[in-house]
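This report concerns only the one structure given below.
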Amino acid sequence: MLRVYNTLSRSKEQFQPVKEGKVGIYVCGPTVYKPSHIGHMVGPVIFDAVKRYLAYSGYDVTLVVNVTDVDDKLIAESQRRGVPMAQLAAEMTADYMNNLDALGVDSIDHFPRCTETMDEIIEFTKTLVEKGFAYEAEGDVYFEVAKYPEYGKLSHRGVEALQGDGGGMVSRKKSSADFALWKSAKPGEPSWESPWGPGRPGWHIECSAMSRKLLGKTFDIHGGGLDLMFPHHENEIAQSECCHGQTMAKYWMHNGLMQASSEVGKVGGRKTRAAEEGDLASQEIGKISKSKGSQPFSEMLKQFSGETIRFFVLSTHYRRPIDFSEERLREVETGMETFHRFFESYKRITGKSFYDVKAPTRHDEKIDWDYEHRGDRFLEKLLARCIDFESYMDDDFNTGGGIGVLFELVRLLNKFINDEELEKPANRNQNNLHKFQLGVIKLREFSAVLGLFRKPPQEASASGDDELTGRLMELLIELRAESRKKKDFATADQIRNRLAEIGVVLEDRPGGTEWSRK
RNA sequence: GGCGCCGUAGCCAAGUGGCUAAGGCAGCGGAUUGCAAAUCCGCCAUCGUGGGUUCAACUCCCACCGGCGCCUCCA
């Protein structure tokens, strides 16, 4: 029974889709004016996993992530660079898509663009004006917050709390809490024709228009970063619910934000003044951390695989903030080696690749256990872990717990290899291989739900491992084997040590010596 | 000031009103190994502090201390 934390109610609620068997998810995506950084990528990873789990649970899921390609920041950046806005947007969108690809986020069904939704946006705005929730002022159109009594129900803020004036700017708004649905164009700015003259959409209206277009007036889950809760999501609700007279989204899910780890206060933040007495050195650390954390994601990918970052993101509950740090990523990498090594063992034992293992994609697909579990320690433990996995995921998508189960499964399987001595071909039989395979299927199944281990890790050394290398290694291993046979361990160790210096690791296994690059 | 979050082992991180408080990284001991590596087994926390509620709290409530986010067209 799936339970989801709903920001609206500030509590976990039993998940019940609007339409039986179907789930629509809308997640606020990026404004494509600069290369994305790690913070932009956590949401997609999380909601990709959310979709996978919902699909696994039997739902037909549609996931929408918008791309904002018209915006003040885009205009400013394109002017600064002297390139057309559309070109800038196209470049940055491509960057974003590459990042998604590296992270294995491939479950997004629609990427609506603002520029491609213009008609709907204008029509949406028109309706709000007609219904009296919005007003025109010299080519701008504003939503009148006072007309919507429920305003603030998501972020739990009263309207009166937001009356602060935006720096004394001369405003055409009736109230400072009102926000723009449509902005008139200044000369030279990209613009679209509208009933109010040439202009462009305000920031929030696109999401209302896009979500309705692709998911309907009321859909199931609206997601996004915690920072968007106010005012962005609050405004979306106001627009959509005033326009349609019905609930916009049943569940609002907000993910915690990625933070650049730093020993001192963040530079440039409100806390800075308090931390200012700190010496120069510590401030320097803060700056470095900050720049590391906000470096373009594509740069980060040169240091860490997308899969490592995905694993890292999913190892914490999505509502918690995560501190980004290189050490943490390195630790995650170490942990993942356990899995990669297991996949090697699997290949040695079965001759097959883990990545090709067929596993159920839905929890109700039956696999052929073909065994009486009772009394079989291995199968009983395996079943217990399976139950754990779903319990974790059912509890507000606890991917961290789920990853814990993955580790336990590997340990269980490694133990099985040890106990049955599966590394020795003579000990393999139909019985133990079948049991082993059952465990592997579950590992494959659950890791796929999290979107992990779907492809072999990129062999950094692929370029260097040509046929010649392979043959030379064979030769060295052969020579070393002969030395070992003759108890000439000095020579054997010399070979292994010298190879280690070059970066080649030898591991002696029951079935023979394996080599790999480190 | 307003809204909210967090404080679990050296570090990261799940979780629960009563049963052995997951898992990972690091460390230690053991099995295995010619020695290693890998793997397995074992060890390593009483849950920020002080109160309260309760037969029973780390888990609920209050206060305090400490860390943090948002309130600024930031995912």
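When reading the values below, keep in mind they use all heavy atoms of this one structure, side chains included, and skip hydrogens, waters and symmetry mates. A note on names: the letters A, B, ... follow the listed sequences, proteins ahead of strands, and every chain is numbered from 1.
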Is the phosphate of [N], meaning OP1 or OP2, less than 4.0 Å from a side-chain N or O of [X]?
X        : N     : answer
A:Arg320 : B:A14 : yes
A:Arg328 : B:C25 : no
A:Arg411 : B:G23 : yes

Salt bridge between [X] and [Y], side-chain N to carboxylate O under 4.0 Å?
X        : Y        : result
A:Lys347 : A:Glu344 : no
A:Glu445 : A:Lys442 : yes
A:Arg330 : A:Glu327 : no

Interatomic distance where [atom1] belongs to [X] and [atom2] belongs to [N] [whole Å]:
X        : N     : atom1 : atom2 : value
A:Arg509 : B:G34 : CZ    : C1'   : 18 Å
A:Asp493 : B:C35 : CG    : P     : 11 Å
A:Tyr5   : B:C5  : OH    : P     : 6 Å

Inset, instruction - List the steps, then state whether salt bridge (Lys or Arg N to Asp or Glu O under 4.0 Å) holds for A:Arg80 with A:Glu77. - result: CA-CA 5 Å; A:Arg80 200 180 65 74; A:Glu77 182 68 10; 2.9 Å; yes
What nucleotide among [options] has an atom nearest to a side-chain atom of [X]?
X        : options             : value
A:Leu228 : B:A75, B:A38, B:G34 : B:A75
A:Thr31  : B:A38, B:G7, B:A75  : B:A75
A:His37  : B:A14, B:G24, B:A75 : B:A75
A:Asn255 : B:G34, B:C40, B:A75 : B:A75
A:Thr338 : B:C74, B:A75, B:C25 : B:C25
A:Thr334 : B:C25, B:A75, B:A37 : B:C25
A:Asn398 : B:G15, B:A38, B:G69 : B:G15
A:His40  : B:C74, B:A14, B:C11 : B:C74
A:Trp203 : B:G69, B:U16, B:C74 : B:C74

Inset, instruction - Measure the acute angle between the ring planes of A:Phe354 and A:Tyr346, then classify it against the limits of 30° and 60° as parallel, tilted or perpendicular. - result: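 The arrangement is perpendicular - the two ring planes meet at more than 60°.
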For the [atom1] atoms, the ones on [N] and on [M], what distance do you get once it is rounded to whole angstrom?
N     : M     : atom1 : answer
B:A31 : B:G18 : C1'   : 37 Å
B:C62 : B:U53 : C1'   : 10 Å
B:G24 : B:C41 : P     : 10 Å
B:A9  : B:U49 : P     : 10 Å
B:G29 : B:A38 : P     : 15 Å
B:G17 : B:C12 : P     : 25 Å
B:A22 : B:G15 : P     : 13 Å
B:G48 : B:C6  : P     : 12 Å

What nucleic acid atoms does [X] come within less than 4.0 Å of, heavy atoms only: base, sugar-phosphate, or nothing?
X        : result
A:Asp72  : base
A:Leu506 : base
A:Val42  : base
A:Arg200 : nothing
A:Glu408 : sugar-phosphate
A:Gly29  : sugar-phosphate
A:Asp508 : base
A:Leu226 : nothing
A:His232 : nothing
A:Lys73  : sugar-phosphate

Legend entry - Atom pair CD1 (A:Ile121) and SG (A:Cys114), whose distance is rounded to the nearest 0.5 Å: 4.0 Å
Inset, instruction - State the OH-CE distance between A:Tyr5 and A:Met253, to the nearest 0.5 angstrom. - result: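 If we round to the nearest 0.5 Å, A:Tyr5:OH and A:Met253:CE are 11.5 Å apart.
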Can you tell me whether the side chain of [X] and the base of [N] have a donor-acceptor pair closer than 3.5 Å?
X        : N     : answer
A:Asp227 : B:G69 : no
A:Asn418 : B:C41 : no
A:Arg496 : B:C35 : yes

When both hydrogen-bonding distances must be under 3.5 Å and the geometry is Watson-Crick or G-U wobble, what is [N] paired with, if anything?
N     : result
B:A9  : none
B:C64 : B:G48
B:G2  : B:C70
B:A22 : none
B:A56 : none
B:C40 : B:G30

Legend entry - Within 6.0 angstrom of A:Arg509 CZ, more than 12 heavy atoms from elsewhere: yes
Legend entry - Whichever of A:Arg319 and A:Phe407 has its nearest RNA chain B nucleotide further upstream toward 5': A:Arg319
Inset, instruction - Using the closest heavy atom to pick a nucleotide of RNA chain B for each, name whichever of A:Asn414 or A:Gly43 lands nearer the 5' end. - result: A:Asn414
Inset, instruction - Evaluate the criterion side chain to side chain contact (heavy atoms under 4.5 Å, CB included) for residue pair A:Thr117 and A:Asn66; output intermediate values, then yes/no. - result: CA-CA 10 Å; A:Thr117 321; A:Asn66 74 292; over 6 Å; no
